[in-house]
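Below is one structure, written out as structure tokens; the observations come after it.
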2 protein chains.
Amino acid sequence: MPKVSDDHLAARRSQILDGARRCFAEFGYDGATVRLLEEATGLSRGAIFHHFRDKDALFLALAREDAARMAEVAATQGLVQVMRDMLAHPEQFDWLGTRLEIARRLRTDTEFRRNWEQRSEELTAATIARLEQRKSEGRLREDVPTDVLLGYLDLVLDGLIARIASGHVSENLSAVLDLVEASVRTQSPTLEN
Amino acid sequence: MPKVSDDHLAARRSQILDGARRCFAEFGYDGATVRLLEEATGLSRGAIFHHFRDKDALFLALAREDAARMAEVAATQGLVQVMRDMLAHPEQFDWLGTRLEIARRLRTDTEFRRNWEQRSEELTAATIARLEQRKSEGRLREDVPTDVLLGYLDLVLDGLIARIASGHVSENLSAVLDLVEASVRTQSPTLEN
């Protein structure tokens, strides 16, 4: 096998991930067979599984990509902004339906579940840091512990993912997110802006 | 065929629904084959499909049962209480995972989607009636339109369903629901109780 540069490896990896994302979005987790993954990535199964051990590894890598991108936005603009971005471009999140399909496995497959939870640690850390900072600035309500605020935003995010995955994005969701945002802010009107 | 009473028909129908609920919870929508449905209900496919046209019809009947039960609670105690009940007995909602698995079909199958949406009309109507009543009593915030409050509670409910379906019920969800409840209430402390 010829030596390949790191750049080449990274490009190949990203080619696989992009194709796999489209493939999962179209056919779902179970439906995305190795043959369909080959078609979507334009690569052989040998090449695909040289980079990713198996379909699970591919799936978790996609989930980590998403989480990293979301963490970037969450760190500077908060988790509600992450949700607003999803709402503005739901078509970019078609593959999220796959996340719903794996709910059963998350419940029953401990190893898979542990790997899945790892993927979101970065996003959780970014969100907590942002919440703590806003609290120290007096912009966030003080009467609710940070872990509850985090759990609240996470729950709404899960709801939004389910909504986008089922194509049920109603017009008033933007106003709903305003309400979500207001409900974690300092309640006294004099401190809001 | 012998004549059967309405009571007998209702009992048979309910036997099928109970078995199918367990079967969907254990094997998922796609995994619940006709053979497994026969085993779970203790009835032949002939008997099952005498009462329900096909697997879709069975699935939608279960969803309607749930919606009707939730509507009863929502009418008198509100949608947050529905969520508290789910949280108190997540094991009774195992089959909800199936709801997630059908997200793709909801997005792509118009006929199925229409039937699915009909199922929740009763729950939506009960929730709106409750919200309007609470508003007239001055217990609900006036600055947010009822449809946005409804959309908000629905979104949180979807999040909770996703959470229960994936077995990810964290300890602080009860406190999270307190926050949800508080955020739809009148914000002035003098009117709260």
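Chain letters run A, B, ... following the sequence lines, proteins first and then strands; every chain starts at 1.
Contact annotation: the side chain of A:L179 approaches that of B:L149 to within less than 4.5 Å [non-hydrogen atoms, C-beta and beyond].
Once rounded to the nearest 0.5 Å, the distance linking OG of A:S166 with CH2 of B:W116 reads 9.0 Å. Between the CZ atom of B:R163 and the CG atom of A:L106 there is a distance of 11.5 Å, given to the nearest 0.5 Å.
A continuous path of Ile, Leu, Val, Met, Phe, Trp and Tyr side chains, each step under 4.5 Å between heavy atoms, connects A:I16 with A:L60, placing both in one hydrophobic cluster. Linking ILVMFWY residues whenever their side-chain heavy atoms come closer than 4.5 Å, directly or via other members, places A:V82 and A:L87 in the same cluster. In terms of hydrophobic clustering, with Ile, Leu, Val, Met, Phe, Trp and Tyr side chains grouped at heavy-atom distances under 4.5 Å, A:V34 and A:I48 are assigned to a common cluster. Under the 4.5 Å side-chain heavy-atom criterion for ILVMFWY residues, no single connected hydrophobic cluster contains both B:L58 and B:L36. Under the 4.5 Å side-chain heavy-atom criterion for ILVMFWY residues, no single connected hydrophobic cluster contains both B:F27 and B:F52.
With a 4.5 Å cut-off on non-hydrogen atoms, B:I161 does not touch chain A at all. B:E171 does not touch chain A: none of its heavy atoms, backbone or side chain, sits under 4.5 Å away. A:D154 touches chain B through backbone and side chain together, each having a heavy atom under 4.5 Å away. Only the backbone of B:I164 comes within less than 4.5 Å of a heavy atom in chain A; its side chain stays farther off.
Taking B:F24 as the reference, B:Y29, B:F59 meet the ring pair (Phe, Tyr, Trp, His ring centres under 6.0 Å) condition, with sequence neighbours excluded.
Comparing B:V144, B:V180, B:D147 by how many heavy-atom pairs each has under 4.5 Å with chain A, the most go to B:D147. Between chain B and the residues A:A162, A:S170, A:G151, the largest count of heavy-atom pairs under 4.5 Å involves A:G151. Comparing A:R107, A:R141, A:R113 by how many heavy-atom pairs each has under 4.5 Å with chain B, the most go to A:R107.
For the pair B:V176 and A:L155, the tightest heavy-atom approach, listed with the atom from each and the gap, is CG1-CD2, 3.9 Å.
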